[in-house]
Every structure is written in structure tokens, then in C-alpha cells.
Amino acid sequence: MALLCFSYILLVGFLSKSQQATAQFSDQATLLAINRELKVPGWGDNSTNCCNWRGIACSLNHSLVEKVALSRLDLRGNVTLISELKALKKLDLSGNNFHGPIPSAFGNLSQLEFLDLSLNKFDGLIPGELGSLKNLKSLNLSNNLLLGEIPDELRGLEKLEEFQISSNSLNGSIPSWVGNLTSLRIFTAYENELGGEIPDNLGSVSELKLLNLHSNHLEGPIPNSIFAMGKLEVLVLTQNRLSGEIPELIGNCKGLSSIRIGNNDLLGVIPKAIGNVSSLTYFEADDNHLSGEIISEFARCSNLTLLNLASNGFAGIIPSELGQLVNLQELILSGNNLFGDIPESILGCKSLNKLDLSSNRFNGTIPNAICNMSRLQYLLLGQNSIKGEIPHEIGNCMKLLELQMGSNYLTGSIPPEIGHIRNLQIALNLSYNHLHGPLPPELGKLDKLVSLDISNNQLSGTIPQSFKGMLSLIEVNFSNNLLSGPVPTFVPFQKSPNSSFSGNKGLCGDPLSLSCGNSYAIGHENYHHKVSYRIILAVIGSGLAVFVSVTIVVLLFMMREKQEKAAKTAGVADDVTNDRPSIIAGHVFVENLRQAIDLDAAVKATLKDTNKLTCGTFSTVYKAVMPSGMILSVRRLKSMDRTIIHHQNKMIRELERLSKLCHDNLVRPIGYVIYEDVALLLHHYLPNGTLAQLIHESSKKSDYEPDWPTRLSIAIGVAEGLAFLHHVAIIHLDISSGNVLLDADFRPLVGEIEISKLLDPSKGTASISAVAGSFGYIPPEYAYTMQVTAPGNVYSYGVVLLEILTTRLPVDEEFGEGVDLVKWVHGAPVRGETPEQILDAKLSTVSFGWRREMLAALKVALLCTDSTPAKRPKMKKVVEMLQEIKQN
């Protein structure tokens, strides 16, 4: 009998080893088959033992594969074969390029404890078969294209500790069985289309630590059960439709560090129990219907770094106890009904870098010691009833980036000490007050400032010439004051609309229609002098390069002499406006075009406004018909201070180099002309105009309106042109739809590539003295860094792509004040709009295929316009993503 048992044991052992060997051989064969499908980098290169391959871990005796971790390798292909690895405990395929449905066969991996399929393009429904994974502790399906409801079959995942399904298109409600998962610690389902109420048992039996459900359509109250066990550490419920009051039970969670419940419909007061949450770091409850007073109990949350209660119905005063929050970095209380003084105690918040009290009813004065908060970067006090003078101590806020004091009752003069705040960059707004006196010349030292608004005051005197030192200005508003004299000749001023200077009876000069010469003559000279000044203005208006300082008699003589000479040589009645300037230099790079191009004819074409095609930030483009019949596009650079003449040789070398760039999506110069301080660049004429005209004007004129495939091809072509420029180390200064030209076949060509080298050849492409680009396309960081960069180009391209997708202008009054196309698109979830509502409905509703491609391209545009430059993809990657959309 004993012998029989011993023989049985040997037999079982032999069979067990045999089965293990079979399983080992099977797993190795499976991995080899997976490698043939996925082509995993590094697999099979250095070892025939699969357990030594990248991302593979086996059991102790190397018999079975227990781990496959292949994250962020840009893999694609069919992953169903992985379900043959029966002993697998961990499967991580995150951050790849996998498409199609999640294989239901993954439900056969009975030993699986960790499954991460996030950051892919899996679509369709969540397979109910995953509910068979009884040992699963972590499931992450976030950032895919999943649809439908959360399947009830997943209730079988009783050991689940982490359940993450965010950033998909899931709908339906959150199942009540989620609240029965006793081991659940993390539940994230943000950025979906989930509706209904949050289950009232969620967290009641588990040790829930992190709950993130933001950007859904959730309704009803915040359940008390979330706080029942007192374990919660992070709560994010922003951008839903939650109602009711904030539960008093929130005070149970002493380890709660982050509470974000903004953009909902919450009512009532903030419970005083919030003071018990000793670990609280962030509290955001903005854009709700909360009321009552701001509770002083916040002062007990000593770790608080951000308190955002904006856009509610809070009333009363700011409790002085908030000054005890020495770690507070941002205090945002805008859009409420707060009144009284700005409490002196707040100045004790030494770490504060943002103080936003705008749009309230504060009626005190600005404390003289406001700059005791030495780290302050944003001081926003606009739209209140603040009185008194701006303290001269404001100049001590040396780190200030933005100063908003508009729409108050401030009196006195503008302190010259503001000119000491050399970091002031985003905005200086003192509009709609009762300020008087002259403009301090010291403001001209603010060479980083982008926006200046001092309108609607009683400021007097002239605009100081020193303001020409504000080299970064994009927006200015001097309107409705008592200013007088000429507007300084300064590009940001001349580019501004008339309204920026209107309402000042004594102001004259561009961009106002009132000429300083005319106004002076009318007020101080006799009739004969009036006639003389009108003659001078007529000469200047005709485009002649004359010196104003020459006497009127000499000017008249010169005009008469030129007219006589023109009549003799041309035999026509040319007047002064047709007098051609003397060409200093000119050349046609393409040899077989030299006979067809007449340089004089090119110059002459730019002297007639009827030939003007487009007007950009750095140049104006004219149509020029040569005597040979050839049509050219002539780009006239807007130069200053005779820069082009000083660097003529360098400019010509750059043009010759750029003319040799060979890419189908770039407009290359074919020649140039230089006269006086003007440079003309010659290009082939492209008959279909600009992308801006195609997108924004075709529908109005009932002309050809491009379909989605055409628009996608244009987007890819522009991206390829920019990627090539970056490859040859050229950064574009003015990417916009107006600088994308279209040939007869609607092939896009990026124009103004010369500007990066020719605007000021004495500088490199990476540094500029003023913010470059067209309004609406300029990335936010340019206001701070003053560096034109490749990521900045990517942002500008993202704006162009948004134009293509939405058919909306980059800046439109419909977006609201201070909102451009990028902010409007990124703000869609806040407005309760779906991505489909952003797209041009005339295209997105044509077919499901077009809509799917447009939504995919929208994701690319959102990546390109990320506010953080480092997060934006390179142009080469943008090309790859768009080409993949087209191929699929």
C-alpha cells in the first residue's frame, strides 16, 4: 500500500512538472506571438529567456509570466493574445496607441490583480467580462474613447481598491454597487457624461480617500456618506449640477487636504465644521449660490494655501482672522457682495501672491502697507467703490505682474512709483476712476507691460514720449480724458483703433483722424499757412519720401520739377503719386524668371491701395502684374529706423538662403527690391488668397466653402511646413490663418517665413524687443518671457487649427470681454457645452466619420494650446497625429 502511495506521489509530481514545463513553453510561445504583433522595442534582442525581456516578470522558478508592463512605448496592434498568459497578475498597457474595443478575453485572466489600459484609444463599451476578475485590486481605463454605461457585471470586483474610468464618454449614472466596494480607496470618473445623483452609500463602508468626479452632469446633493468613515483626503466635484448644502459632516475628515466643489448649484452657508479639517490645503467653492458671511473658522486651517469663494452671494466683511493664514498663497473673493475696508490683517499673509477682491462693494481705501506682502504678483481690486488715492508705496510691489484698479472712486494722480514695478507685464488698469493730473513719464519704464488702460479719468497734459519705452504693449486705452498734443509715433499706438484715443479733445495724430498739422494751423496760423500745410499733407499722403522740415517753397519747386520730368520721360500725365522712388538694390533669384519680372513695376504696384491684398502684423501684400503678363505677390515690410538699410548685406544673404529652402508648404522669396528704407519681397502669386479668407469669408460670399477633408489636408500641410522650419532652426514670428496662402489646388503655403530674420537682422530669431505675432495667436508666455520659441509656434498653430474646426475668428466679441478663441474652447465644459457643440455644425453633422475625425483633431488643437509650453507637442508630433487621423 505504501509503495502504491509513493508511486502515486511520484506520478503526481512528474505530471505537475510536466504541466509547468508545458505552461512555461506556452507562455514563451505566447510572448513571441505578441512580439510579432506589437513589435515591442528590445524584446528578443539580448536573450532567448523571455523573463529577461523588457517589462516582463516571471514567477520565482521562471515558469510562468506574472507581469507585462509595456507603458508609453507608442505600441499599436491587437492585444487579445495577452489573455493567453493565464498566470498574469499585472498588465500595464497604458500610454500607447491601441485602438478598438477592450478584448473581452481579458476576463479570462483569473489571477489578474492590476489592469491599466489608460491613455490609449480603446473604444466601444466596457466589457462586462472584466467582472470575472475576482482578484482585481486596481482597474484603470482612463483617457480612452469608451462609451455607454458602467456595466453592472463589474459589481463582482469585490477586492477593487482603485477604480479609474475618467476622460472617456461614459454616460448613465454611477451604479449604487460602487458604494458596496468595501476596499475602495480611489474612485475617479471625471470628464465623462455621467448623470444622476452620486450614490448615497458611496464611501459609507469603504476607506475612500480620493473621489474625483469633476466635469460630468451629476445632480442632487453631496452625500453625507462620503465623509462617514472620515478617511477622505481629496474631493473634486467641480463642473457638475450638484445642489443642496455642503454637509456639516465634512468636518469629520481631518485628513482632507483638497476640497474642490466649484461650478455647481450649491446653496447655503459654509459649515463652521470646516475649521476641524486641519490638513486642508485647497478650498475651491467658486461659481455656486453660497451665501452668508465668510466664516472666520478658515483661520484654523493653518495649512491653507488657496481659498477661492468667487462668484457667490457672500456678504459682510472679510474676517480679520484670515490674516493668520501665513501659508495662504491665493485669496480669491471676486464677484460677491463684500463691503467695508480691505482689512489690514490680510497684509500679514506674507506668502500671498494673488489677492482678487474685484467685483464687490468694498468702499474703504487701499492700505499704504499693501506691499508688505512681498510675494504679491496679482492685485485685482477692480469694480468696487474704493476711494482715496493710490498709495505711493504701490511701487514697492516689485513682483507684481498684474494691477487692476479700474471702476472705483480713486482720486489724486497716478503715482510715478508704478514705473518702478519693472515686472508688471499682464495689465495695468486704472480706468473709470477720478484720477487727474499729468501722466507720469516713469510709466515708460514698464517695458514688459502688455495692456495699459487709463481711460475714463480726468488725466491731462501730453502723452509722454517716454511711453515709447513700453516695448511690449499690445492693448492701450487713453480714451475719455483731458489729454492734448500729438500721439507719440510708436507702433503699438498707431496700430490701436481710434477709440483708444478718442474723447480727448486736444489729442491729434495717428491713429486719430485729426492731424496735428491741421489742428495747429487752424488754431495759430493765417490763411496762407493753412494752404501750405495742406500741400505738405497731400505730398506725405501720396507716398513721397520728403523731409517735412524743408520749406514749402522748396517742396512746391521739387513737385513741379518732378512733374515736368515725368511728363517728358513717360509721355503720360503722371502726378506726384506715380513718381517712382529710386531703387537701391534688387535681384531675382530664379534665373528663368528674370526676363519676366520688372522691378520698377513691382515698386509701382505697391504705391496703389487698389493693389493691396492683405495687411499683416509685419508686412502688407500687394498684387503686381508685370508687363510680361506674369502676376506677382509683393510683400512690403514694415520697417523702422532704417533698419533694413543698416543691415542690407545681411538681409540679402538671408533672402538668398531662404530662397533655397525646398518645401511644398512654404512661400519662398523669388526676389527682392530695396529703395529708401523700404524692402519689397517678391513671391509667386497664389490665386486662392489666404486661409483666413477661405474660412471666414467664403460662407458670407456664398463662394466655395471647404469641406472637412480639404480643411484637414490644409491643417496637415501647414503643420508640415512649420515642422520643416523648426527642423532647420527657424522660428516663425507671426503664425496666423492670414499668413497661410492657398494655391490653385488649395495647397497651403506658410508665408512670412522671412520676417523672423528680416524684421531686425541685428537680432537672432529667439529674442525680440516686443511681443511678436497677431492678436489672438500670441501664446500667453510671450508676455512674460519675451522669447519667441518653438512651443510658442505650436500654440499659434493650435489657434489656426481651432479656426479650421470651428470657423470662428481668433478674437470675437461674442466670446465675451477678455475671452479669445482658445479660452472659449477650453471653457466649453464650464458652459456645459460638449465638444460637438464647439465644431462647425455644417461639417460635423455631415457624417459620423467626419465628426469623429474633427473631434480627434480638436484634441490635437487642445494639446497645442495648453497653457504650459512644456506640455505642448512638437510640430513633428502634431504632423504625425493629424496624418493618423487622415489615414484612419
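Note that this is a predicted model, so its numbers are computed, not measured.
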Check: I342 and L381 side chains under 4.5 Å, non-hydrogen atoms: yes

What's the separation between atom CG in D820 and atom CG in L809, rounded to the nearest 0.5 Å? 12.0 Å

Can you tell me how far apart CG (L380) and CG (L331) are? Round to the nearest 0.5 Å. 11.0 Å

Carefully, step by step, assess L507 and I463 under the rule side chain to side chain contact (heavy atoms under 4.5 Å, CB included). CA-CA 9 Å; L507 274 186; I463 300 176; 4.2 Å; yes

L307 and L304: which non-hydrogen atoms are nearest, and at how many Å? CB-CD2, 4.0 Å

Are the side chains of V491 and Q494 in contact, using a 4.5 Å heavy-atom criterion? no

Evaluate the side-chain proximity of R422 to K448: yes if any heavy-atom separation is below 4.5 Å, no if none is. no

N337 meets the side chain to side chain contact (heavy atoms under 4.5 Å, CB included) criterion, sequence neighbours left out, with A315, R361

Taking atom CD1 of I317 as the centre, report whether more than 12 heavy atoms of other residues, nucleotides or ligands fall under 6.0 Å from it. no

Distance alone, cut at 3.5 Å: any donor-acceptor contact between the side chains of Q239 and S215? yes

On a heavy-atom basis, the closest approach of L439 and P464 is O-CG, 3.5 Å

Does anything in residues 291-317 form a side chain to side chain donor-acceptor pair (under 3.5 Å)? List the pairs, not counting sequence neighbours. N276-R300

Look at atom CZ of R375 and say whether more than 12 heavy atoms of other residues, nucleotides or ligands are closer to it than 6.0 Å. no

Could you give me the CA-CA distance, side-chain angles and deciding distance for V822 and V799, then say whether side chain to side chain contact (heavy atoms under 4.5 Å, CB included) is met? CA-CA 7 Å; V822 173; V799 179; 3.6 Å; yes

For S345 and S320, indicate whether the former's side chain and the latter's backbone hold a donor-acceptor pair under 3.5 Å. yes

In short, P779 meets G792 closest at the heavy-atom pair CG-CA, 3.7 Å

Carefully, step by step, assess L309 and L290 under the rule side chain to side chain contact (heavy atoms under 4.5 Å, CB included). CA-CA 9 Å; L309 304 176; L290 299 170; 5.6 Å; no

Testing the basics here: between P440 and F467, what is the closest heavy-atom pair and its distance to 0.1 Å? O-CE1, 3.5 Å

Would R872 count as a cation-pi partner of Y795, with NZ or CZ less than 6.0 Å from the six-membered ring centre and within 45° of the ring normal? no

Note: C301 and G275 closest approach over all heavy atoms is SG-CA, 4.2 Å

Sub-3.5 Å donor-acceptor pair from the side chain of T865 to the main-chain atoms of G798, do we have one? no

Once rounded to the nearest 0.5 Å, what's the spacing between atom CG of L471 and atom CG of L449? 11.0 Å

Taking F362's backbone N and O only, do any of them form a donor-acceptor pair with N360's side chain (distance below 3.5 Å, no angle check)? no

To the nearest 0.5 Å, tell me how far L347 CG sits from M373 CE. 5.0 Å

I'd like to know if the side chain of N433 and the backbone of M405 have a donor-acceptor N/O pair within less than 3.5 Å. yes

Tell me which pairs pass disulfide (SG to SG under 2.5 Å) where either residue lies in residues 307-344, with sequence neighbours left out. none

Let me confirm one number: the CG-CD1 distance from L357 to I366, rounded to the nearest 0.5 Å. 10.5 Å

With rounding to the nearest 0.5 angstrom, report the CG to CG distance, N363 to D341. 7.0 Å

Do the ring planes of F478 and F493 sit parallel (below 30°), tilted (30 to 60°) or perpendicular (above 60°)? perpendicular

Applying side chain to side chain contact (heavy atoms under 4.5 Å, CB included) to I332 and D286, what does each step give before you reach the verdict? CA-CA 9 Å; I332 306 172; D286 56 305; over 6 Å; no

Exam field: side chain S451 to backbone I426, donor-acceptor pair closer than 3.5 Å: no

Counting only N and O atoms by type, is there a donor-acceptor contact under 3.5 Å from the side chain of S351 to the main-chain atoms of V326? yes

Qualifying residue, where the test is side-chain contact (heavy atoms from CB on, under 4.5 Å) with N504 and the options are L482, N481, L459: N481

Please report the shortest heavy-atom distance between P810 and F815, naming the atom on each side. O-CE1, 4.2 Å

When you compare the side chain of Y797 with that of N793, does any pair of heavy atoms fall below 4.5 Å? no

Determine whether a donor-acceptor pair (N or O, by modelled atom type, separation under 3.5 Å) exists between the side chain of D265 and the backbone of L267. no

Do the side chains of I259 and I274 get nearer than 4.5 Å, heavy atoms only? yes

Is the shortest heavy-atom distance from the side chain of K350 to the side chain of N372 under 4.5 Å? yes

Enumerate the residue pairs fulfilling disulfide (SG to SG under 2.5 Å) with a member in residues 310-382, sequence neighbours excluded, ordered by first and then second residue. C371-C397

If only atom types and distance count, is the side chain of D453 paired as donor or acceptor with the main-chain N or O of S431 below 3.5 Å? no

With a 4.5 Å heavy-atom cut-off, do I294 and P319 have their side chains touching? yes

Pairs flagged by ring-ring contact (aromatic ring centres under 6.0 Å, His included) wherever residues 293-343 is involved - sequence neighbours left out: F283-F298

Pairs where residues 403-421 contributes a residue and the test side chain to side chain donor-acceptor pair (under 3.5 Å) is met, not counting sequence neighbours: H392-E417, E402-Q404, Q404-N429

Is any side-chain heavy atom of V234 less than 4.5 Å from a side-chain heavy atom of S257? yes

Please indicate whether Y432 has more than 12 foreign heavy atoms, meaning atoms of other residues, nucleotides or ligands, lying under 6.0 Å from its OH. no

